[in-house]
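Before any comments, here is the structure.
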Amino acid sequence: MKKLNLVTAVSVLATLVAAPAFGQDATAEPPVVVPGHSLFVFNTLLFLIGGFLVMWMAAGFCMLEAGLVRSKNVAMQCTKNISLFSIAAIGYYLIGYNLMYPLGNWSIGTDETGGYLGAFGLAVLEAVGIGADDADDISYASTGSDYFFQLMFCAATASIVSGALAERIKLWPFLIFTLVLTAVIYPIQASWKWGGGFLDTQYGFQDFAGSTVVHSVGGWAALAGAIVLGARAGKYKDGRVNPMPGSNLPLATLGAFILWLGWFGFNGGSQLAMGSVGDVADVSRIFANTNAAAAGGVVAAILLTQFLYGKVDLTMALNGALAGLVSITAEPLQPTLGQATLIGAVGGVIVVFTVPMLDKMKIDDVVGAIPVHLFAGIWGTIAVVLTNGDATIFGQLFSIAVVGVFVFAVSIVIWFILNAVMGIRVTEEEELEGLDASELGLEAYPEFGKGSQFI
Amino acid sequence: MKKLNLVTAVSVLATLVAAPAFGQDATAEPPVVVPGHSLFVFNTLLFLIGGFLVMWMAAGFCMLEAGLVRSKNVAMQCTKNISLFSIAAIGYYLIGYNLMYPLGNWSIGTDETGGYLGAFGLAVLEAVGIGADDADDISYASTGSDYFFQLMFCAATASIVSGALAERIKLWPFLIFTLVLTAVIYPIQASWKWGGGFLDTQYGFQDFAGSTVVHSVGGWAALAGAIVLGARAGKYKDGRVNPMPGSNLPLATLGAFILWLGWFGFNGGSQLAMGSVGDVADVSRIFANTNAAAAGGVVAAILLTQFLYGKVDLTMALNGALAGLVSITAEPLQPTLGQATLIGAVGGVIVVFTVPMLDKMKIDDVVGAIPVHLFAGIWGTIAVVLTNGDATIFGQLFSIAVVGVFVFAVSIVIWFILNAVMGIRVTEEEELEGLDASELGLEAYPEFGKGSQFI
Amino acid sequence: MKKLNLVTAVSVLATLVAAPAFGQDATAEPPVVVPGHSLFVFNTLLFLIGGFLVMWMAAGFCMLEAGLVRSKNVAMQCTKNISLFSIAAIGYYLIGYNLMYPLGNWSIGTDETGGYLGAFGLAVLEAVGIGADDADDISYASTGSDYFFQLMFCAATASIVSGALAERIKLWPFLIFTLVLTAVIYPIQASWKWGGGFLDTQYGFQDFAGSTVVHSVGGWAALAGAIVLGARAGKYKDGRVNPMPGSNLPLATLGAFILWLGWFGFNGGSQLAMGSVGDVADVSRIFANTNAAAAGGVVAAILLTQFLYGKVDLTMALNGALAGLVSITAEPLQPTLGQATLIGAVGGVIVVFTVPMLDKMKIDDVVGAIPVHLFAGIWGTIAVVLTNGDATIFGQLFSIAVVGVFVFAVSIVIWFILNAVMGIRVTEEEELEGLDASELGLEAYPEFGKGSQFI
Amino acid sequence: MKLIIAIIKPFKLEEVREALTGIGVQGLMVSEVKGYGRQSGHTEIYRGAEYVVNFVPKIKLEIVVSDDQVERVVETISTTARTGKIGDGKVFIINVEQAVRVRTDERDEDAL
Amino acid sequence: MKLIIAIIKPFKLEEVREALTGIGVQGLMVSEVKGYGRQSGHTEIYRGAEYVVNFVPKIKLEIVVSDDQVERVVETISTTARTGKIGDGKVFIINVEQAVRVRTDERDEDAL
Amino acid sequence: MKLIIAIIKPFKLEEVREALTGIGVQGLMVSEVKGYGRQSGHTEIYRGAEYVVNFVPKIKLEIVVSDDQVERVVETISTTARTGKIGDGKVFIINVEQAVRVRTDERDEDAL
Ligand SMILES: Nc1ncnc2c1ncn2[C@@H]1O[C@H](COP(=O)(O)OP(=O)(O)O)[C@@H](O)[C@H]1O
Ligand SMILES: Nc1ncnc2c1ncn2[C@@H]1O[C@H](COP(=O)(O)OP(=O)(O)O)[C@@H](O)[C@H]1O
Ligand SMILES: Nc1ncnc2c1ncn2[C@@H]1O[C@H](COP(=O)(O)OP(=O)(O)O)[C@@H](O)[C@H]1O
């Protein structure tokens, strides 16, 4: 993302040059970029607003997952979500940020030949009360805002994993994996594109806000975990799939709405600039397209479930909204509103078909994270070629594959190690009793009955 | 709303003219409008922030309604809310936006003689990466941000309807009505005021953010639906009103808080500009007044229910907050903080008296949408004359009536047609079983007991 | 907070003076402050965004408390939270705002000799559509936005109290106390620091966003109330502590996430300016540090509870996040990311140890408000000296003491008076039945079982 | 005295209660149960997976009455609760040896 | 053996349980019920509409004890659960023909 | 006819139900109860305070069967529900004097 700097830098220079004319002649075309340091302030503000909206997505994932697990595992799901978000903040600070944005100082590779492994070191923000010349990049935005914004993307990746592995994974092994994911795995692969690494410079990979760099990464890590972990007890018995209904659907719905809201920051902030007419108008396009894609995903999911099953499935509608959002994330700017709606709708169709498909493969994804983030993420990354001339089908597919192989391979190795060292799964008895009682020693809804055992 | 363009255009010109002086003489009064394109960026930013806040209101309506219906209908209420929000996005894109903002190209009428029916066509945003001269209106804001902001108002209108008709209406007929409402009914009447149509130009109708244009419209459509649909089974038997308590009051409370938050975007964004000292100070007044009115509504409701019933009614307090917000929506700028509090308080009083009144009329409004959005909306529209000299009591009453007759008439016709063609109501058996089980085949809280049948 | 005006005023002048050079010579260093009135617009915008984020915290407190009380008291907790927020809006308008910001017109004291009691009068905003010279302070921000932002801090103080006194205090006495707290107690002590009073001018007290001025004040008022009120029936019997588990932990988790989000506005907005490179970069630092501190609080709490009790306690993790946030509130700007994480972590440790400590003292704080807001608030205020050279250990301790003595003394007197006049506690029978049934005559979850009586 | 246990469809509760009050029943206990029986066994689809719904929500009434009231109570329940559709429920009668009213320590018939 | 069914006020549960443990009762079952009786019938107002509250929350205890324990258990329950106010509840006694402990397949008295 | 009351561990419900259907049981009632017994009494810590967990979640089955079925049903339940660990539960047998099927007004054996 940061690479846009050059572009903006140029345009801001253009302004300063154009500036002398400004004001002298009211009829002359005023510069397109706002004068002085408004640019820096506007861009920083975009990151701050975008950042708190993406932070809010952590609550969205938590509510979605808390609503889709059975009541005996709800408190644990909440514990995992608030903990992973906190651990991500630490991992990204300690290693992640500089691994992802080496600003040229690659440990392996160079900007020209292609960067493969970023820099090591703590994240350091600009000093307090800097002047314009102390700013790390006066033509971009404050480093603090960039760090804040990027951290939230890193955390989102971890949130994706927790849902897929719910109701059976132990707390601590999960949190250890989260640390590795947010400190190392995510930042390394993200550097290949957004840090100006080889996928960006050598293969012209296009991924505006992260259908692949964020969502599919979470999806691959979740897939690896789900395979090593195995399905929940009783989920697949004698060839039948035994549904385990979510315990609190309005909470899950709230989660979906929160994610929908947060996504405006996710995609809109990824424009990385709003200090000019063009940039702010682009951010506006992105907001409108992001909403359109989510809407397309919902409508596709409700029509399809009605048609296939004779009844609308709310949980599929929620997944459909998220799949629509993931689908548009790789290119929320170029499509028209109509195109965005259709791209999102395809995402909705994908979840409706792939959720049962995973069940057939006995891969137990409790909340549908893999269909939503991995499958729709792949679709969205490919769909870029439909509306963005800079994207090549090869560049997209190759990058999807490289990221996929890397993340899946590293993740499954780590899952295996964790499993060997400490075991990643609770005992069957603990699982039947529920993780809240067995691992936390409390209940999420101590007064609301124990119906979870009816399943 | 857009008509303000002229005004702002003028002021921005003023600036450019004033500009030569700027900087030459630090003592001279600097222009009130910020220079260059900051204006465009600031205004666009106001729409983006306002827009995502209003989008968030969709979640607020969903939680409020999910909390106020019985548990056997909660999943359906969530399904309706996320679906209607998605359908609104499609309907407004396909027809609504240009019907509402013909920018002079009226299908029936003209800007001068009065516009009655707007233009037909898909919504089209500005191109990617535009320069200042490619902007549709450099003195206003980006079209994408305007579309995004306006769409959310349209969707809010539809959200109002879902609550009133809960627990008995079939999913699909409701969604079809939603499509008509968001694509045709809302945009047409909205064009009369905000599109520069006849109510605006001929009758000087004043409705700053939509007490009538948005809220009463939702209320009228809901009223028509409630009449055609009839009351819930067992709600009114042998002359007694049989209360059906909401299943999850903290969720309803969350919904009210979400709506309260979203309303800052709703009213504040309707200033349509924040790029000058005057505009941004006005937006500030609006934020403060909007909060004051909501507070007034709550305090009036709790005092009154304590006084009338000897006990405070939380659901009335929530309705009171919303009624206060609806009441101030027609004129959130002119009142002082004290006036705003009182205007909101009257809204709170209105709900406390009209909720039981509707019951006496055997009109079954599950969440109090009609008292809150229609009755308080009418009050708020009339109250404009108290603080805004441009408003005439005739202009306000006439416009309330015109909008009311149009929306109610068209809505009731459509409800009748839908009822004749496919039936809009579930069978009594399905209703008793609950819409979640009968229409969706699932439960919102599968583990939390089935107490809903105790009522 | 407002006192920063001078500083900013100076810098803006600097700009205007620097301005002539601007544009003439593109190579010259552009002014650090954005030109014209962007400064005013940016600062006002910061207050509006910060303000709605802090307003959102009211919902966070409500959800946190609704989730941590037993189901028979949930509706009452929601009633108290939405009511107190409304009453704060009225109290701060009628008296609070001018008591807190006398702008030199002290009723007792002077800016020079030290202000002790502010001015009396209603809050008045700038007129509609002001020009630059009508602005109360063109170098700062609009009064409306300042009022809106400050009001939310005042309301937050009241929200803190409601949690500690839950499940046994009567509605009306609590609301009367809220009125006194928000109209008088909070504003008076806040004026000593943020209104430019004696703690600020004479003792150089440093409290950036209110670890003491806001959080400890809520904590002291809560402590006084908890002492006068006594513990819940059955909480402490024959020397044992009898836990009363929260009824809805995902709701409590949602509340914690909401507060976390709102805190970016709380701390970030307290920079009071973002119209320059330095200010906006500082706001960015604050966002990043605030997040780091919350993360530190969570990680400390989960590690410690695992270590002490062999199991992670979700409710402690939530308290840990909030304690981390409170700890960094007094100085969110100066620390590095690492320091912020550690400062927050200490906050997390504090709650884990002080929650049981309070129980040993038989002080029944239902949601842990006192450990989080008072104890972590004191820690945060002291911690300022670690990173901010302007802070003296004496100045900090003295101010903590002065504020503590004042707030605790006045609060306990008012609690005693209320108790004598009307009684602040429900009867034991009402308490056992639950406040929802006895005081409100309804149930928060009428269909979800009555397990609350199992405790 | 007899304990009459009745399983009925939930939405019939109010009607049955009124009918029973009508014939002078002074008290009863209501609880939620999940019922398995002939009515059970329809299938639903959740996230694309079909499953059999074995348990349907029912209301269980427990009423202790004096022997002479039994027939009328049973009659009243079964006529009021009847819809004619599968799943209407059952009524079971069990002998009660003793009854006590906690408040007054009254015994047997007087305790009801 | 006898099955003792006791309906009590919810907040009395803990007290009663302790008292029973005190006299050597080794196990019991607790469930929530809604009770209808003399205590019922007060009115509330919701959203401006008045309605009668027919059902009040109660706790139902089910305890199987050997015949010789019955009187003491009944005594203990009714004294502990008594507040003297309407709604204190009832105790009913029913004959149990056989008891089995699942874990060990022990029968009757040994199963308790 | 007999009423068979069985208290089992919740996660055993599905297994037991299938087993019972297997031997021809046509209907039953399920409800949630909290059980107190030997299994109870472990301690937990909440917000730093230790407390004893007295009640553990259990499932209660109620099945009315004809006398000749009783032994098999009891057998089936206790073997299927057995884990060998404390807390497996109990089975109690009580005499039922009469049964009615609401839908058809059939009586006794035919009503089951
Ligand atoms: N043998 C039984 N013992 C206890 N309860 C039963 C028995 N058979 C049926 N029930 C209860 O009666 C309810 C209705 O029975 P069902 O067979 O579904 O319909 P019907 O009574 O109309 O034949 C069931 O849901 C179950 O709760
Ligand atoms: N005939 C009955 N059969 C079963 N339960 C009863 C009967 N009468 C009362 N109860 C239960 O006992 C509870 C208390 O009875 P109630 O008449 O309210 O007070 P009291 O027992 O003090 O007269 C009721 O709520 C109900 O649950
Ligand atoms: N005397 C009794 N009367 C009624 N229910 C009982 C009795 N004793 C035990 N139970 C029920 O049986 C369950 C299991 O009993 P418990 O003593 O814990 O284990 P076990 O049956 O293996 O000895 C308890 O949770 C309780 O619900």
Side-chain angles (χ1 to χ4, degrees), chain A residues 16-17 19-20 22-23 35-38 40-41 44-45 47-49 51-52 55-56 58-59 62-63 66 74-75 78-79 82-83 85-87 89-90 93 122-123 125-126 128-133 135 138 142 144-145 147-148 151 171 248 251 439-449, chain C residues 22-24 26 29-32 34-35 38 42 49 53 70-71 245 247-250 253-254 256-258 260-261 264 268 274-278 280-285 287-288 291-292 294-295 298-299 302 311-314 317-318 321 333-334 336-338 341 445 448-452 454:
Chain A
L16 297 180
V17 177
F22 168 63
H37 295 300
S38 295
F40 184 88
V41 177
T44 298
L45 181 58
F47 284 150
L48 295 178
I49 295 173
F52 76 63
M55 175 273 162
W56 186 223
C62 183
M63 293 301 111
V74 168
C78 294
T79 307
I82 198 161
S83 303
F85 186 73
S86 304
I87 284 168
I90 293 172
Y93 158 66
L122 301 180
L125 310 182
E126 285 147 327
V128 175
I130 52 166
D133 26 16
I138 192 65
S142 79
S145 66
Y147 172 81
F148 180 71
L151 162 61
L171 177 60
N248 191 332
L251 207 61
E439 281 218 288
L440 300 180
L442 47 68
E443 298 174 36
Y445 305 105
E447 308 175 12
F448 292 174
Chain C
F22 168 62
Q24 306 291 2
E29 179 50 38
V32 176
V34 297
S38 294
F42 275 126
I49 295 172
L53 286 173
R70 290 165 296 169
S71 62
S247 53
N248 191 333
L249 297 191
T253 306
L254 174 64
F257 270 114
I258 292 174
W260 192 321
L261 170 60
F264 296 118
M274 71 167 179
S276 70
V277 169
V280 83
D282 286 353
V283 174
S284 308
R285 276 185 71 94
F287 271 53
N291 192 70
V298 170
V299 171
I302 60 174
K311 282 175 175 170
V312 170
D313 186 330
L314 171 59
L318 303 180
L333 175 58
Q334 298 293 339
T336 63
L337 286 169
T341 309
Y445 306 105
F448 293 174
K450 290 277 136 300
S452 53
F454 277 110

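All values below come from the heavy atoms of this structure, side chains included, with hydrogens, waters and symmetry mates left out. Here is how names work: the chains are called A, B, and so on, in the same order as the sequence lines, proteins then strands, and each is numbered from 1.
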* Asked: Which answer fits A:F47, side chain, backbone, both or neither, if we ask what part of it has an atom under 4.5 Å from a heavy atom of chain C?
  -> neither

* **Contacting moiety of A:L440, where chain C heavy atoms sit under 4.5 Å** => both

* To do: State the OG1-OH distance between C:T336 and A:Y93, to the nearest 0.5 angstrom.
  => 5.0 Å

* Beyond-backbone contact of A:S142 with C:F287, side-chain heavy atoms, under 4.5 angstrom -> no

* Segment of C:A292 engaging chain A (4.5 angstrom heavy-atom cut-off) -> neither

* **Heavy-atom pairs under 4.5 Å with chain A, option from C:L318, C:V299, C:L261, C:V283 with the top count** => C:L261

* Asked: Would a distance-only check, ignoring hydrogens and angles, find a side-chain to backbone donor-acceptor pair under 3.5 Å from C:D282 to A:V128?
  -> no

* Approximate separation, where rounding is to 0.5 Å, of C:I302 CD1 and A:L171 CG -> 6.5 Å

* To do: Assert yes or no for the condition that the ring centre distance of C:F257 to A:W56 is strictly below 6.0 Å.
  => no

* **Best-contacting candidate, C:A288, C:A317, C:S247, C:A281, against chain A by heavy atom pairs under 4.5 angstrom** => C:S247

* **Heavy-atom pair of closest approach, residues A:S83 and C:V298** => CA-CG1, 4.1 Å

* Derivation of the side-chain contact (heavy atoms from CB on, under 4.5 Å) call for A:Y147 and C:S284 -> CA-CA 9 Å; A:Y147 172 81; C:S284 308; over 6 Å; no

* Structure fact -> Bottom line for A:E126: the part with an atom under 4.5 Å from chain C's heavy atoms is both

* Part of C:T341 lying under 4.5 Å from any heavy atom of chain A -> side chain

* To do: Sort A:A66 into side chain, backbone, both or neither according to what part of it lies under 4.5 angstrom from a heavy atom of chain C.
  => side chain

* To do: Tell me, for C:L53 versus chain A, whether the close heavy atoms (under 4.5 Å) come from the side chain, the backbone, both or neither.
  => side chain

* Structure fact -> The interface call for A:L122 against chain C, heavy-atom contacts under 4.5 Å, is neither

* **Which of A:I82, A:I49, A:L442, A:L251 touches chain C most, by non-hydrogen pairs under 4.5 Å** => A:I82

* **Contact origin within A:C78 toward chain C - heavy atom pairs under 4.5 Å** => both

* To do: For C:S71 and A:E447, test the side chains for any donor-to-acceptor distance below 3.5 angstrom and give the result as yes or no.
  => yes

* **Exercise: identify the closest heavy-atom pair between C:P250 and A:V74** => CG-CG1, 3.6 Å

* **side-chain contact (heavy atoms from CB on, under 4.5 Å) evaluation trace for C:F264 with A:L48** => CA-CA 9 Å; C:F264 296 118; A:L48 295 178; over 6 Å; no

* Asked: Tell me, do A:V41 and C:S276 make a side-chain contact under 4.5 Å, heavy atoms counted?
  -> no

